[in-house]
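Since the model is a prediction, treat every value here as computed from it, not as a measurement. These numbers come from the heavy atoms of this one structure, side chains and all, not from hydrogens, waters or symmetry mates. This chain uses plain numbering: 1 for the first residue, then up along the sequence.
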Amino acid sequence: MSAVLAAVPQQASADAWDLPLWGEWLNGRLDPHWRAGEWDAETNVFTGSVDNPFTAAHVCRVVRCTAKVESFNSYCSACDHHRLKRKEQDRGDFAETHQPGLRHVSKEIGQTRFTLAPLSSTVRTEILYALQQRDQLDVILVPARVRYLTAKLPTGLRSLFDLGPEFSASLDKLRSATLRGLMDQLVRARTEHEGSDPTSGDIWDCHLVGLLAGKGREYRATTGTIDFTGLRQTWLREVAKEYGRQVRPTVLELRFTVQAASIASTGLASRPWGDTPGKLQLADMSTVVDAFRTAINPRTGRPYGDSHCKALLGHWRRFLDRARLLGLMDQVPGTFALSPAFHQIGRTREDSEDELGRAIPEHVIAQLDEYLHLIGTSYERGGWTSGDYAQMYAAYYRIVRDTGRRPEEAARLRRGCVQRVDGKPTLIYDNLKRRRYGRRLPITEATARHIEAWEKTLSGLPVRDLAKEWLFPAPGQNRTRRGHMSAHHFSAKIFRTWVNRIPALLGEELDDQGSPVPLDRSEIIVYGLRHA
C-alpha cells in the first residue's frame with residue numbers, strides 16, 4: 001500500500017488537507033441506488049446476494065444446506081467439518097445426502113455480510129466510493145474480506161489515508177490486496193479532488209491516468225507507468241503527451257507509440273535540426289526510418305526482427321497521422337512525413353528463414369515434453385484442484401505445439417471443437433487475424449484424444465455460466481466478463497513459470513569441455529511453438 005500512497009500529491013495524511021470537504025466531495029459522487037437489495041444505507045449493512053454475479057456469495061455445495069459461502073461450489077465450514085470427519089465412509093455423494101443441522105446455518109451468514117456503521121463518516125464514504133468504482137471495473141466484491149478489513153481498522157480512524165505501511169504489513173495477502181484495490185480508487189479520486197493533473201509529468205502512473213489496459217481488456221489499468229523520458233526532443237515529448245491526453249488510447253497502445261517515438265527520437269538526435277521542428281524535412285524522416293531498421297531490443301541486445309520493426313514503424317505512422325489531424329504538429333513542415341516510395345522496411349531474410357529463427361527447435365520441444373508433468377499451478381478454487389488446472393494447461397500447450405495455431409486462437413477454442421470427417425479428426429477454430437471463422441484443420445489422432453480427454457474432465461467440473469462454451473475457461477472469478485483463458489495469462493505466467501521450473505534445458509552447441517550449453521530460457525516463448 002505504501003507504493004499507492006506515494007502517488008498522492010503532497011502529503012498522504014489527512015492532516016494536510018480539509019477532511020470534511022473531502023468527505024463531502026466523495027459523498028456527492030456516490031450512487032444512492034448502489035446495490036439495491038444488498039446495501040442498506042440506513043443501517044450501513046451489506047448482505048451479499050447469491051443472485052448477483054458480482055458478489056462472492058454462493059450457497060453451500062450441500063443440497064440441503066442454505067448457508068452462504070464465499071467461493072463457488074464450495075462447502076460451508078460446518079458441512080466441510082462433517083465431510084472431513086466421515087471421509088473414509090464418503091462414497092462421493094456427500095453433497096447430495098448430508099443433512100445439516102439448523103444451528104450452523106445462522107453462523108455462516110456472516111461470510112457474506114459486513115457493516116460500516118462503526119466507522120467514521122469519512123471512512124465509511126471512502127470505502128463506499130471505492131467499492132462503487134471497483135464495480136465499474138467488474139471486480140467481484142468479496143464481503144468477507146471487507147468485513148475482516150473494517151474490523152482491523154484502528155478505532156477513531158478519520159481517513160484511510162491515515163493508515164501507515166505497518167497496517168498493510170499486518171494483513172495477509174488477500175486482505176492487503178483488498179486494501180490496495182480500495183486505495184487505488186481513492187488515490188485517483190484525491191488527485192481529481194485536488195485538481196492535480198496526473199499527465200503533467202514525463203512519467204505517468206497508469207492507475208491515476210485511468211486509461212484502459214489494452215485491446216480486449218476493457219478495464220482501467222491500475223499498475224505500471226508510461227515513461228516519456230526516452231523522447232529527447234522537448235517538442236516531440238510534448239506532442240506525444242498531448243496525443244495521449246486527447247486520443248486516450250489503451251495503455252498498451254500508448255506504450256507502443258512511445259516506444260516508436262523513442263526510436264524516432266534517437267534518429268532525430270543525430271540530425272542538425274532535430275530540436276527545431278520547424279526546419280525538419282524529408283531527409284530527417286529518412287534518418288528516422290533508418291533508426292527503425294537498426295533498432296535494438298533492450299532485453300536481448302540484438303536487432304529487432306523485420307516484422308517487429310515494421311510494426312513499430314506502423315505505430316509511428318499512425319501517431320504522425322493522428323497528431324497532424326489533431327493540430328499537434330502544425331509547427332512541423334508537411335515534408336517531414338513517411339513516404340511509401342522512400343521509407344519501406346524490406347525483409348533481409350526469406351519468410352521461412354525468419355520463422356525458422358523464431359521457432360523452438362525440435363530437441364527443445366522434446367525436453368519440454370519430458371517435463372510436461374511440471375506444468376501447472378498451486379491455485380485451487382471453486383471446486384477445481386491444482387491437478388485440474390494442470391491438465392487444462394497441458395492440453396492448451398499440446399494444441400499450440402501440434403497445430404501451429406496462434407496462442408490466442410487456441411485460447412478461444414470452444415467445447416466440441418474436435419469433429420470427425422470420414423473418421424478423421426478435424427479442429428474447428430477461428431482465424432482471428434484474417435477474420436475467418438469456423439475454419440477446419442486436420443489434426444492427429446493423438447492430439448484429438450488429448451483434447452477430448454480434457455473436455456471429458458471439464459464436463460465434470462463447475463464452470464460459471466459465462467465460461468461454459470469455452471474449452472479453456474478463465475481461471476478464477478476476478479472479472480466476470482472474461483469467459484475464456486487469455487493467451488497472455490498462459491504465456492506470461494504459466495508457461496514462463498514452467499520453463500523456469502525445468503531443471504535443465506540444453507541446446508545443441510557444446511562448450512570447450514564438450515558438454516551441451518544451457519539454453520537462454522528467455523528465448524523460449526509460446527509463440528515459438530507456432531513456427532516449430
Side-chain angles (χ1 to χ4, degrees), residues 1 4-5 7-8 14 19 22-58 68 70-71 109-154 157-163 167-168 171-193 207-208 210 218-223 476-481:
M1 188 184 71
V4 176
L5 295 181
V8 183
L19 198 57
W22 160 247
E24 182 181 346
W25 185 88
L26 278 182
N27 193 62
R29 284 157 177 77
L30 291 180
D31 178 5
H33 306 293
W34 176 70
R35 299 258 187 167
E38 290 185 309
W39 171 248
D40 187 337
E42 293 186 5
T43 61
N44 293 305
V45 173
F46 180 94
T47 304
S49 170
V50 296
D51 297 323
N52 190 341
F54 291 91
T55 304
H58 308 274
K68 295 181 181 179
E70 175 183 327
S71 300
I109 195 171
Q111 291 294 318
T112 57
R113 173 181 290 180
F114 65 82
T115 176
L116 303 183
L119 306 177
S120 69
S121 60
T122 299
V123 174
R124 185 163 55 244
T125 304
E126 288 176 337
I127 293 177
L128 277 177
Y129 175 85
L131 291 176
Q132 292 184 14
Q133 292 299 307
R134 284 166 67 81
D135 267 6
Q136 297 181 23
L137 302 179
D138 288 354
V139 178
I140 292 179
L141 194 161
V142 185
R145 297 180 193 172
V146 179
R147 184 182 68 255
Y148 179 90
L149 178 63
T150 54
K152 293 275 289 185
L153 292 176
L157 182 70
R158 299 185 308 149
S159 168
L160 292 182
F161 284 102
D162 284 337
L163 295 174
F167 178 81
S168 181
L171 304 175
D172 62 23
K173 184 177 180 180
L174 292 177
R175 276 75 176 191
S176 180
T178 300
L179 177 60
R180 186 167 59 250
L182 298 177
M183 294 305 302
D184 279 340
Q185 305 306 320
L186 293 176
V187 167
R188 184 183 293 112
R190 171 118 182 234
T191 302
E192 181 182 350
H193 169 64
H207 77 282
L208 295 180
E218 302 299 322
Y219 51 87
R220 292 198 300 265
T222 58
T223 60
Q477 303 182 53
N478 285 338
R479 303 192 186 282
T480 57
R481 69 174 58 188

> If we only count heavy atoms from C-beta on, is the Thr55 to Pro143 side-chain gap below 4.5 Å?
Replying inline: yes
>> Going by side chain to side chain donor-acceptor pair (under 3.5 Å), name the residues that satisfy it together with Arg124, two or more places apart in sequence or in a different chain.
In response: none
>> Show, in sequence, the C-alpha distance, side-chain angles and deciding distance for Val123 and Thr150, and conclude whether the side-chain contact (heavy atoms from CB on, under 4.5 Å) test is met.
In response: CA-CA 10 Å; Val123 174; Thr150 54; over 6 Å; no
> Does Leu157 offer a backbone N or O that forms a donor-acceptor pair with the side chain of Ser120 under 3.5 Å?
Replying inline: yes
> Which distance, rounded to the nearest 0.5 Å, do you find between the NZ of Lys68 and the NE2 of His58?
Replying inline: 11.5 Å
> Please walk me through it: do Phe161 and Val187 pass side-chain contact (heavy atoms from CB on, under 4.5 Å)?
Replying inline: CA-CA 9 Å; Phe161 284 102; Val187 167; 4.1 Å; yes
> Who pairs with Pro32 by side-chain contact (heavy atoms from CB on, under 4.5 Å), at least two apart in sequence or on another chain?
Replying inline: none
> By salt bridge (charged side-chain N to carboxylate O under 4.0 Å, His left out), which residues pair with Arg134, not counting sequence neighbours?
Replying inline: none
> What residues form a side-chain contact (heavy atoms from CB on, under 4.5 Å) with Asp51, not counting sequence neighbours?
Replying inline: Ser49
>> Which residues pass the salt bridge (charged side-chain N to carboxylate O under 4.0 Å, His left out) test with Asp135, not counting sequence neighbours?
In response: Arg35
> About how many Å separate CD of Gln185 and CZ of Arg190, when rounded to the nearest 0.5 Å?
Replying inline: 16.0 Å
> Considering only heavy atoms from C-beta outward, does the side chain of Leu141 approach that of Phe114 to under 4.5 Å?
Replying inline: yes
> Got a donor-acceptor contact below 3.5 angstrom from the Arg147 side chain to the Arg113 backbone?
Replying inline: yes
>> As a test of understanding, state which of Thr112, Asn52, Thr47 forms a side chain to side chain donor-acceptor pair (under 3.5 Å) with Glu38.
In response: Asn52
> Just checking, is any N or O donor in the side chain of Trp22 or Glu126 under 3.5 Å from an acceptor N or O on the other one?
Replying inline: yes
>> Show the nearest heavy-atom pair for residues Gly48 and Ala57, with the distance to one decimal.
In response: C-CB, 4.1 Å
> Looking at OG1 of Thr122 and CG of Leu19, how far apart are the two atoms once the value is rounded to the nearest 0.5 Å?
Replying inline: 4.0 Å
>> With side-chain contact (heavy atoms from CB on, under 4.5 Å) as the test, pick out the partner of Leu153 among Leu119, Leu179, Asp162.
In response: Leu119
> Rounded to the nearest 0.5 Å, what separation is found between the CZ atom of Arg175 and the NZ atom of Lys152?
Replying inline: 10.0 Å
> Closest heavy-atom contact between Ala117 and Thr43?
Replying inline: CB-O, 3.8 Å
> Heavy-atom distance under 4.5 Å between the side chains of Phe46 and Leu116, does that happen here?
Replying inline: no
> side-chain contact (heavy atoms from CB on, under 4.5 Å) with Tyr148: which of Val142, Thr178, Leu174, Leu171?
Replying inline: Leu171
>> If the condition is side-chain contact (heavy atoms from CB on, under 4.5 Å), which residues does Leu30 pass it with, not counting sequence neighbours?
In response: Asn27, Thr125, Leu128, Tyr129, Gln132
> Atom CG of Leu163 and atom CG of Leu182: how far apart are they, to the nearest 0.5 Å?
Replying inline: 10.5 Å
> Which atom pair, heavy atoms only, marks the closest approach of Trp25 to Ala189?
Replying inline: CH2-O, 3.5 Å
> Excluding sequence neighbours, so at least two apart, what forms side-chain contact (heavy atoms from CB on, under 4.5 Å) with Ala177?
Replying inline: Arg180
